[in-house]
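Counting convention: from 1, in listed order, for ligands and their atoms alike.
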Amino acid sequence: MKINMDFVQPTFDKEEPSDAHLQWNRSMCPYCGVGCGLLVGQAGNEIKKVKGDPQHPANLGMICAKGGTLAEMMKAPGRALFPLSRENRGEPLARVTWDAALDRITEKIRSTVREHGPDSFAFYISGQLLSEDYYVINKFAKGFLGTNNVDSNSRLCMASAVVGYTTSLGSDGPPCSYSDIELADCIVITGANMAECHPVLYQRIRQHKQKNPKTRIIVIDPRRTLTCEIADLHLPLLPGGDVALTNGLLRLLIENGRIDRDFIGRHTTGWEETERDILKDSPQILANQAGVSLSALAQAAEWIGASKGFLSFWTMGLNQSSHATAKIQSLINLHLATGRIGVPGSGPFSLTGQPNAMGGRETGGLSTLLPGYRRIADPAARAAMEKLWKVPAGRIAADNGHHAVELFDALEQGKVKVVWVIATNPMVSMPRLDRIRKALAKAELVIVQDAYHPTETSEAAHVVLPAAQWAERQGTVTNSERRVSLLRQVVEPAGEARPDWQIVRDVAARLGYAKDFDFKTSEDVFMEYRETTRGTRVDISGLTYQRLKMGPVQWPFPEEDSPVSKRLYEDRKFAHADGRARFVFNPYRDAAEIVDPKYPLILITGRIRDQWHTMTRTGKIQQLLKSQSEAFLDMHPEDLKEYALRDGELVWVTSRRGSFRIKLKRKEDIRRGTLFAPMHWGSLFGTASVNDSVNDAFDPLSKQPELKYSAVRVTRDLAVC
Ligand SMILES: Nc1nc2c(c(=O)[nH]1)N[C@H]1C(S)=C(S)[C@@H](COP(=O)(O)OP(=O)(O)OC[C@H]3O[C@@H](n4cnc5c(=O)[nH]c(N)nc54)[C@H](O)[C@@H]3O)O[C@H]1N2
Ligand SMILES: Nc1nc2c(c(=O)[nH]1)N[C@H]1C(S)=C(S)[C@@H](COP(=O)(O)OP(=O)(O)OC[C@H]3O[C@@H](n4cnc5c(=O)[nH]c(N)nc54)[C@H](O)[C@@H]3O)O[C@H]1N2
Ligand code: SF4
Ligand SMILES: [Mo]
């Protein structure tokens with residue numbers, strides 16, 4: 001076998017004397033989508049120390065505070081150690097055997113599906129699962145139970161990026177590599193706070209800028225975030241002003257003669273209409289609508305137009321919006337108009353949040369997808385999967401399953417009766433927690449499979465299943481740049497915890513599908529999964545665990561000796577049937593649409609550097625709580641004055657949907673009229689969650705909710721409302 005050596009053999013750094021007695025193994029960080037390779041130093045079954053792996057191409061040895069405290073994470077209290085069960089909510093959860101727990105689940109799924117049909121059951125899963133977990137869950141639900149009710153927290157995270165790429169380029173899949181950073185001379189970071197959320201990549205950009213000071217960095221964010229420290233230009237747009245802003249940039253690029261008409265003519269469709277529509281609004285109108293000055297917009301257009309390598313990063317500021325698809329298509333238009341895609345240092349680069357959000361998409365982990373980037377709506381795709389899964393034609397239901405928001409509505413309405421939640425904590429992370437609470441209370445059986453208990457969601461469960469986490473199990477993950485890495489098992493699971501895929505396999509087997517779920521190891525699962533990718537855009541049919549043990553690789557990887565796939569579309573062949581990419585024009589939406597005197601402020605929610613989501617892990621690590629130990633609400637000093645409120649006081653934030661109480665924080669670096677609160681704190685920390693009030697409106701195409709834009713008021717007393 002010829003080996004593709006884009007990764008060198010391990011040379012463990014054992015220089016520090018205190019580390020010498022430890023046994024070092026390779027691992028992967030279980031937090032963000034940068035996908036850092038780690039070295040874990042262990043003594044027996046205990047992980048003592050974690051370092052960045054200098055050989056891993058994603059991080060080249062770097063690591064952030066979250067990755068650096070993983071040894072402490074393994075000692076954090078509150079692990080789910082044994083299966084727990086109770087007949088009715090309100091009764092205490094009691095320890096049961098695995099057999100008893102799995103028998104109970106199996107019987108309930110069997111009887112519910114028999115009486116009410118397969119769509120009375122649903123999985124709600126997570127981008128923190130491994131690809132093998134995802135594959136087994138999808139195969140079980142879509143191929144055997146016959147329901148497409150498998151949606152993931154990626155619906156709150158990446159769904160809009162999937163639709164944006166698919167509609168513009170013909171397929172999902174970020175077309176760039178991290179190594180494009182070092183080749184870019186103009187980097188746009190929009191709706192992304194990379195300094196706090198993708199710290200190691202941010203570090204790479206910072207280093208590139210230090211070495212090449214002429215590299216232009218433009219940050220587009222209503223807040224002056226930490227990321228702005230490396231920015232040459234910050235465009236503090238109005239929340240939701242993105243389409244006006246990007247359309248303004250496109251208009252100025254046209255006026256400046258910076259359009260690649262040769263590329264447009266050969267490789268795209270839809271330009272004529274787009275150019276016509278873009279020219280309808282003046283740059284001044286578009287700048288006003290975006291809430292930025294025309295001179296700043298013109299500066300950004302100038303730098304983009306003059307650059308050779310134009311790379312744009314985006315994350316939740318674009319994805320989490322009720323017009324997210326429009327925002328993303330407008331951004332991709334800039335790359336198509338300038339021909340800056342599929343060439344070094346260029347491309348529209350959606351950063352994934354969770355460690356395996358990408359793998360989730362590849363394995364078909366949304367209610368609209370099947371493995372290999374196949375879509376449920378495509379009859380040929382369903383037929384292909386039925387053949388691969390050796391199930392009768394017509395087994396895979398033709399309709400998409402419920403997306404996340406709709407799934408909880410269906411539970412509340414009693415249409416879905418049994419829900420199995422894996423590796424996500426919707427009682428903190430879903431918008432409109434009042435509805436999620438009611439939905440879970442209505443369900444006949446709530447199964448929560450988590451590495452920790454209690455969580456806000458496991459408290460609502462009938463059955464809690466303990467999952468092995470991070471280095472306690474083995475499998476593959478794909479990071480933002482399409483790089484597949486093998487996460488090795490280096491320690492034994494805590495208590496009786498089991499790997500997620502095994503738990504689902506064992507229920508499938510009990511339901512009579514033992515032959516089809518005859519996977520002994522995660523490698524067995526991987527070998528079956530990789531076959532489903534053959535001939536698709538995410539083809540990894542040449543990949544093996546053995547190859548991955550030598551180092552991670554980017555897909556596609558169709559042969560054992562495939563060349564490195566650094567960039568998609570280098571051949572200018574886009575994935576639409578005609579081989580061309582599509583311009584999609586979107587008119588800007590009036591950014592002030594929902595502001596009403598009763599709810600005059602806009603609440604933005606997001607992340608802080610040292611916490612991970614709902615804090616089941618990072619909230620228990622002292623070192624990570626030091627920088628920020630409690631929830632807060634950022635408000636501009638002028639707004640504090642206007643509403644006669646004081647820095648540090650407790651206030652009520654009220655939206656049309658609900659209220660929560662939180663501590664005010666004076667903050668210069670935020671637009672007047674906007675507020676920011678972290679999403680992390682939930683009821684187990686004794687505080688109300690922001691999601692008690694956050695908007696559950698969603699994008700019509702991606703169904704991703706508007707987590708970044710809620711009209712609210714802030715008052716000292718709730719009674720004032
Ligand atoms: N420390 C830490 N890192 C993480 C995570 C974590 O929990 N903690 N989670 C991971 C996950 S799953 C994800 S999805 C990513 C998220 O990573 P990011 O998307 O970078 O993080 P957020 O803080 O959610 O939001 C990003 C920015 O969008 C801005 N924004 C809000 N509205 C708009 C708008 O209308 N337009 C524009 N252009 N910008 C807007 C916000 O002000 C915010 O600064 O982070 C990943 N990394
Ligand atoms: N208001 C607001 N809400 C948001 C967002 C926002 O910006 N604003 N962001 C949204 C986004 S982008 C995301 S990704 C979501 C994240 O929201 P969640 O997915 O709810 O957040 P986590 O805390 O990461 O939940 C992961 C759960 O999995 C458990 N776990 C860890 N490892 C394993 C494992 O190996 N197996 C199993 N079975 N369990 C494990 C953890 O203990 C935890 O309970 O939040 C969304 N909600
Ligand atoms: S940047 Fe992300 S993947 Fe890397 S160590 Fe930090 S949290 Fe982990
Ligand atoms: Mo996310």
Side-chain angles (χ1 to χ4, degrees), residues 30-34 64-66 78-80 125-130 133 152-158 189-199 219-223 225-227 235 237-242 245 313-321 327 351-355 357 421-431 448-453 455-458 465-470 472-473 497 499-500 503 591 602-619 670 674 676-680 682 689-691 693-695 704-705 707-710:
Y31 296 118
C32 88
V34 176
C64 79
K66 294 184 296 300
R79 273 304 293 273
I125 60 175
S126 163
Q128 292 168 69
L129 292 171
L130 305 174
D133 303 321
S152 150
N153 61 3
S154 286
R155 185 67 66 187
L156 314 177
C157 185
M158 301 314 310
I189 302 174
T190 177
N193 181 9
M194 293 177 71
E196 303 201 53
C197 298
H198 294 89
V219 175
I220 306 173
D221 194 309
R223 305 187 299 139
T225 59
L226 285 180
T227 306
L235 296 171
L237 85 173
L238 278 166
D242 300 272
L245 194 149
F313 289 106
W314 88 83
T315 322
M316 295 306 124
L318 265 52
N319 287 350
Q320 292 173 338
S321 162
K327 290 182 174 192
L351 292 172
T352 42
Q354 298 179 86
V421 180
I422 310 183
T424 177
N425 190 4
M427 272 303 300
V428 182
S429 56
M430 279 292 288
V448 175
Q449 182 167 315
D450 203 284
Y452 291 86
H453 171 75
T455 70
E456 288 80 354
T457 306
S458 76
L465 301 176
Q469 68 164 345
W470 183 40
E472 297 171 346
R473 81 298 200 227
D500 290 291
I503 302 171
I602 296 162
L603 172 66
I604 298 173
T605 61
R607 295 161 168 76
I608 59 171
R609 192 194 63 198
D610 289 349
Q611 289 303 328
W612 178 261
H613 296 161
T614 74
M615 303 172 67
T616 62
R617 291 168 285 181
T618 51
I670 189 160
T674 59
F676 174 82
M679 63 161 293
H680 306 294
S689 168
V690 292
N691 279 326
S693 306
V694 161
N695 209 338
Q704 182 157 349
L707 299 166
K708 292 279 180 276
Y709 194 117
S710 306

I'd like to know whether ligand 2 has [X] as a neighbour, heavy-atom separation below 4.0 Å.
X      : value
Arg617 : yes
Ala468 : yes
Asp500 : yes

Between the candidates [options], which shows the shortest non-hydrogen contact distance to [atom]?
atom                    : options                        : answer
atom 7 (O) of ligand 2  : Lys708, Gln449, Gln469         : Lys708
atom 26 (C) of ligand 2 : Ser693, Ala423, Pro499         : Ala423
atom 14 (S) of ligand 2 : Arg473, Glu456, Gln704, Gln354 : Gln354
atom 33 (C) of ligand 2 : Ala80, Pro30, Ala451           : Ala451
atom 21 (O) of ligand 1 : Ser321, Gly191, Pro222, Cys197 : Cys197

Within ligand 2, which atoms have a heavy atom of [X] less than 4.0 Å away?
X      : value
Thr616 : 41 (C), 42 (O), 43 (C), 44 (O)
Ala467 : 36 (N), 37 (C), 38 (N)
Ile422 : 38 (N)

(Q) For Asn691, which part has a heavy atom under 4.0 Å from ligand 2: side chain, backbone, both, or neither? (A) side chain

Q. Just heavy atoms, cut-off under 4.0 Å: does Thr614 contact ligand 2 by side chain, backbone, both, or neither?
A. both

Contacting atoms of ligand 1, where contact means under 4.0 angstrom from a heavy atom of [X]:
X      : answer
Arg609 : 1 (N)
Thr190 : 38 (N)
Cys157 : 14 (S)
Thr225 : 44 (O)
Glu196 : 1 (N), 2 (C), 3 (N)
Gly317 : 28 (O), 30 (N), 33 (C), 34 (C), 35 (O), 36 (N), 37 (C), 39 (N), 40 (C)
Cys32  : 47 (N)
Lys66  : 1 (N), 2 (C), 3 (N)

Report the nearest protein non-hydrogen atom to [atom]: residue, atom name, distance rounded to 0.1 Å.
atom                    : value
atom 9 (N) of ligand 1  : Arg607 NE, 2.9 Å
atom 11 (C) of ligand 1 : Gly353 CA, 3.2 Å
atom 8 (N) of ligand 2  : Thr605 OG1, 2.8 Å
atom 35 (O) of ligand 1 : Gly240 N, 2.7 Å
atom 44 (O) of ligand 2 : Asp450 OD2, 2.6 Å
atom 43 (C) of ligand 1 : Asp221 OD2, 3.3 Å
atom 10 (C) of ligand 2 : Gln320 NE2, 3.4 Å
atom 2 (C) of ligand 1  : Gln611 O, 3.4 Å
atom 19 (O) of ligand 2 : Asn153 ND2, 2.7 Å
atom 38 (N) of ligand 1 : Asp242 OD1, 2.8 Å
atom 47 (N) of ligand 2 : Ser429 O, 2.7 Å

Before signing off on this row, confirm whether [X] and ligand 1 have an N or O atom pair separated by under 3.5 Å.
X      : answer
Trp612 : no
His613 : yes
Asn193 : yes
Asp610 : no
Met316 : yes
His198 : no

Can you measure from [atom1] ([X]) to [atom2] ([Y]) and round to the nearest 0.5 angstrom?
X      : Y      : atom1 : atom2 : result
Gln704 : Leu318 : CD    : CG    : 10.0 Å
Lys327 : Ser321 : NZ    : OG    : 4.0 Å
Thr614 : Asp450 : OG1   : CG    : 8.0 Å
Thr190 : Asp242 : OG1   : CG    : 5.0 Å
Ile604 : Tyr709 : CD1   : OH    : 9.5 Å
His613 : Ser429 : NE2   : OG    : 8.0 Å

Proximity flag [X] to ligand 1, non-hydrogen atoms under 4.0 Å:
X      : value
Ile608 : yes
Met679 : no
His680 : yes

Q. So Leu707 and Met316, side chain to side chain contact (heavy atoms under 4.5 Å, CB included) or not? Walk me through it.
A. CA-CA 9 Å; Leu707 299 166; Met316 295 306 124; over 6 Å; no

How about [X] and [Y]: do any of their side-chain heavy atoms sit closer than 4.5 Å?
X      : Y      : result
Ser126 : Gln354 : yes
Asn425 : Tyr452 : no
Thr227 : Asp221 : no
Lys66  : Pro199 : yes
Val694 : Leu603 : yes
Leu156 : Pro705 : yes
Arg617 : Trp470 : no
Asn193 : Arg223 : yes

Q: For residues Pro499 and Ala468, report the shortest heavy-atom separation together with the two atoms involved.
A: N-CB, 3.8 Å

Q | Ala357 backbone acceptor or donor facing Ser154 side chain under 3.5 Å | A | no

Q. Could an N or O of ligand 2 be found under 3.5 Å from any N or O of Asn425, whether backbone or side chain?
A. yes

